[in-house]
**Q** 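Submitted below is the structure of interest, expressed as structure tokens.
Chain A is the first sequence line, chain B the second, and so forth, proteins listed ahead of strands; every chain is numbered from 1. Everything numeric in this text was worked out from a predicted model, so none of it was measured.
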2 protein chains.
Amino acid sequence: MTLDARKKNVLMAIVQDYIATAEPVGSRTIARKYKLGVSSATIRNEMADLEEMGYIEQPHTSAGRVPSDQGYRYYVDHLMKREEFNSKEAKLVLNGYLTKKREVGHVLRNAGQLLSQITNYTGVVMTSGLGGGRFKHIQLVHMGGRQSMVIMVTDAGAVHHQIIDIPESIQAVDLETISSVLNHKLQGKTIENIRLTLIQEIYFELAKQKHILDMAMDVIQEGLSLETGEKIYLGSIFNILNQPEFHNIEKVKVLLSLLENEHELANIMTDVFQEEGVTVRIGEEMEDGRLKDYSLVMGTYHMEGKPVGRIGLLGPTRMDYSRAFAVVEYMTDNISLVIERLMRWRGK
Amino acid sequence: MTLDARKKNVLMAIVQDYIATAEPVGSRTIARKYKLGVSSATIRNEMADLEEMGYIEQPHTSAGRVPSDQGYRYYVDHLMKREEFNSKEAKLVLNGYLTKKREVGHVLRNAGQLLSQITNYTGVVMTSGLGGGRFKHIQLVHMGGRQSMVIMVTDAGAVHHQIIDIPESIQAVDLETISSVLNHKLQGKTIENIRLTLIQEIYFELAKQKHILDMAMDVIQEGLSLETGEKIYLGSIFNILNQPEFHNIEKVKVLLSLLENEHELANIMTDVFQEEGVTVRIGEEMEDGRLKDYSLVMGTYHMEGKPVGRIGLLGPTRMDYSRAFAVVEYMTDNISLVIERLMRWRGK
DNA sequence: TGTTAGCACTCAATATAGGAGAGTGCTAAC
DNA sequence: GTTAGCACTCTCCTATATTGAGTGCTAACA
């Protein structure tokens with residue numbers, strides 16, 4: 001299914017013009033604006049061919065042509081020029097978030113916002129790899145009365161805490177003992193590393209506090225497990241409403257119903273987690289039918305070479321892929337950098 | 001500016017009908033549906049009076065009447081029957097959130113969602129009082145390399161943490177020392193309670209670690225200060241789009257531009273923090289011009305008798321005030337209860 | 001054989017006009 | 001003070017042209 005040079009040019013012209021104007025583009029427009037050296041009649045013939053091959057479609061008989069999902073796909077894979085995005089401001093902003101509050105969550109949340117602002121699409125930032133770290137520290141703090149707070153830190157810098165009930169009889173000293181035993185035994189362990197025998201050992205040593213131990217272990221387990229810490233930060237939804245396709249409310253509703261459900265969104269984004277570099281899912285390539293008019297450009301950011309999360313740009317299928325790719329690439333690189341800097345305690 | 005009984009009835013009929021139908025209501029409709037014992041002509045006269053007094057207005061000459069902000073205000077203050085909201089499911093849901101993950105933030109986030117779901121308006125939950133607690137515990141955890149994590153817990157159960165740089169020379173023991181000195185000296189202190197002399201004492205005792213101390217004190221200061229922990233949880237925005245007034249996108253945009261800015265939203269809600277019970281701001285009563293077509297029904301939730309946050313329902317001015325009041329009242333009561341239960345360690 | 005000019009045809013979008021209907025304000029009678 | 005009646009206003013809906021962009025097809029041309 002290969003296209004000759006002129007068909008490529010025509011398709012490229014259609015995609016680019018439609019991206020720029022959001023209007024179906026006709027043969028005359030192409031002949032005038034994009035000097036292909038042929039008349040509109042010839043272009044009409046080419047367009048008829050392209051339509052038959054499924055790259056473009058007609059909203060109705062007397063309208064121009066609009067790229068189909070397949071057309072966009074061909075454009076992205078074969079025709080699009082990869083541009084570079086480089087913005088000093090964006091870099092400053094990102095680093096600003098870093099220095100103001102040295103927390104990953106804060107950086108990611110604002111990265112999502114930034115994505116939305118600079119593109120007018122909706123930025124999505126997902127973190128999935130911050131769970132699954134190694135045990136670093138646990139602390140049971142007596143809150144008075146019959147409650148205590150369990151605080152656990154992983155070496156990835158994630159903090160998990162939970163309030164638990166404790167028997168009246170427990171003293172601060174007992175909590176201290178539990179903390180120190182756990183700290184000693186579990187130091188540096190990952191979730192897979194914690195052997196059953198080790199747990200038995202701990203339970204044996206702290207036999208009297210089985211009840212508290214149960215709850216503390218729950219917190220540890222959850223804190224170290226891979227799924228924990230999966231979190232989605234949405235950029236501004238406002239910006240995408242500036243796109244002309246959002247003139248009717250139903251589309252907005254559909255989009256919101258999806259965006260407000262973190263879980264579904266995460267599913268869609270993890271769908272292609274394994275792929276490297278910037279990738280895109282166009283319209284019906286995504287399983288969720290609600291997204292048939294949208295495209296999602298995604299990239300993966302890393303920490304010490306390992307993928308720890310993804311960012312995405314959600315826009316109409318008629319989005320500026322060239323720019324979107326550049327921005328996503330730029331942002332993944334910079335988020336990786338910033339996180340790396342934030343967490344550079346190991347090694348060095 | 002008092003109204004006679006019949007005018008009250010007419011106004012009430014107009015407000016209720018408009019709330020129910022979202023259509024301007026005419027004299028005939030009132031005469032037919034609300035048996036006031038007079039003809040439509042008489043009602044027309046009354047309506048003319050009400051319009052002159054500013055309680056109702058006409059979208060255009062040959063349309064029915066619509067309540068003005070002032071009309072809604074009169075309705076809410078003098079005419080509205082206060083109903084009760086009582087939903088076993090809502091209570092179950094709320095308690096469910098509590099038992100699954102015993103954290104205030106989790107409860108509040110879901111309370112916001114719940115508000116949106118049961119009313120089809122947008123629920124807003126604000127917490128402002130969870131900062132400003134008493135110092136409970138601090139822990140400096142060595143993360144390896146040149147970084148350490150400061151974790152502070154307040155007696156209100158809030159956990160604050162931040163990663164700080166430390167000199168290479170510092171040992172885990174040193175961090176332990178700092179932690180224990182701070183824990184000892186600051187136990188139970190509020191932000192106002194920490195005297196300068198006390199700080200000097202601490203700095204004297206830990207003279208060698210001034211640098212780390214500075215950063216730890218920052219965390220403490222921020223954790224205990226009143227503004228910290230001010231946070232907004234938004235319910236679903238999706239639901240409010242079901243209201244007929246949202247047929248045009250511009251309104252949605254305006255709303256989103258406001259909702260996406262936590263800071264502005266917080267300002268609007270704290271505007272009336274001092275008032276007790278359920279209150280409402282109608283349309284132009286709010287300073288922000290963008291809200292001129294909206295009303296915000298608000299209530300305060302408490303912890304140990306002290307106000308610690310607010311919830312709000314944002315809907316069109318044409319909202320069902322009676323129900324909104326009932327729901328807000330119900331939710332504040334139940335959130336207070338749930339939080340109380342979550343934090344019932346002191347006293348008892 | 002590929003390209004182009006020309007032309008009839010299609011169809012959305014826009015404008016125009018004509019009711020229909022809901023509602024009002026006013027007047028006069030009760 | 002209340003009401004019936006009526007002329008008037010204005011939106012909304014529908015039907016009908018009109019316009020214009022764009023196509024597909026055909027026939028002529030290089």
**Q** Separation of B:Lys33 atom NZ from C:dG23 atom C1', in whole Å?
**A**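 Result: 16 Å.
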**Q** To the nearest Å, how far apart are B:Ile30 CD1 and C:dG23 P?
**A** 10 Å
**Q** Give a yes or no answer on whether the side chain of B:Glu264 reaches the backbone of B:Asn261 with a donor-acceptor pair at less than 3.5 Å.
**A**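 No.
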**Q** Want to know the stems of DNA chain C: at least 3 consecutive Watson-Crick or G-U pairs with distances under 3.5 Å, which are they?
**A** C:1-30 with D:1-30
**Q** Write down the distance between CG (B:Asp49) and P (D:dG1), rounded to a whole number of angstrom.
**A**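 Value for this atom pair: 11 Å.
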**Q** Restricting to side-chain contact (heavy atoms from CB on, under 4.5 Å), what partner residues turn up for A:Ala22, sequence neighbours left out?
**A**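 side-chain contact (heavy atoms from CB on, under 4.5 Å) check on A:Ala22 returns A:Pro244, A:Arg318.
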**Q** Rounding to an integer number of Å, can you tell me how far B:Gln58 CD sits from D:dC8 C1'?
**A** 13 Å
**Q** Distance check needed: D:dG22 C1' versus A:Leu50 CG, whole Å only.
**A** 17 Å
**Q** With sequence neighbours excluded, what pairs up with B:Glu23 under the salt bridge (charged side-chain N to carboxylate O under 4.0 Å, His left out) test?
**A** none
**Q** For B:Glu262, give me all partners under salt bridge (charged side-chain N to carboxylate O under 4.0 Å, His left out), at least two apart in sequence or on another chain.
**A** none
**Q** Report yes if at least one side-chain N or O of B:Arg65 is closer than 4.0 Å to OP1 or OP2 of C:dT24; otherwise report no.
**A** yes
**Q** In residues 25-38 of chain A, what donor-acceptor pairs under 3.5 Å come from side-chain atoms, sequence neighbours left out?
**A**
unit_1, atom_1, unit_2, atom_2, d
A:Ser27, OG, A:Arg44, NH1, 3.2
A:Lys33, NZ, A:Asp17, OD1, 2.8
A:Tyr34, OH, A:Asp17, OD1, 2.8

**Q** Roughly, in whole Å, what's the span from CD in B:Glu51 to P in C:dG23?
**A**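 To the nearest whole Å, that distance equals 15 Å.
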**Q** Roughly, in whole Å, what's the span from CD in B:Glu57 to C1' in C:dG23?
**A**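 So the two atoms are 17 Å apart, to the nearest Å.
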**Q** Going by the rule salt bridge (charged side-chain N to carboxylate O under 4.0 Å, His left out), which residues pair with A:Glu83 if we only count those two or more places apart in sequence or in a different chain?
**A** none
**Q** For A:Met47 and D:dG24, what is the distance between atoms CE and P respectively, to the nearest whole Å?
**A**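 Distance, rounded to whole Å: 8 Å.
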**Q** Which residues pass the side chain to side chain donor-acceptor pair (under 3.5 Å) test with B:Arg323, sequence neighbours left out?
**A**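 Not a single residue meets the side chain to side chain donor-acceptor pair (under 3.5 Å) criterion with B:Arg323.
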**Q** Looking at A:His60, I'd like to know if its NE2 atom is crowded, meaning that more than 12 non-hydrogen atoms belonging to other residues, nucleotides or ligands lie closer than 6.0 Å.
**A**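 For A:His60, atom NE2 is crowded (more than 12 foreign heavy atoms under 6.0 Å).
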**Q** Among residues at least two apart in sequence or on other chains, which ones pass side-chain contact (heavy atoms from CB on, under 4.5 Å) with B:Glu260?
**A**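 For B:Glu260 the side-chain contact (heavy atoms from CB on, under 4.5 Å) partners, ignoring immediate neighbours, are A:Ser236, A:Ile237, A:Phe238, B:Leu256.
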**Q** Between protein and nucleotides 3-22 of chain C, map the contacts as a letter string: B base, S sugar-phosphate only, - none, heavy atoms under 4.0 Å, written 5' to 3'.
**A** SBBB---BBS---------B
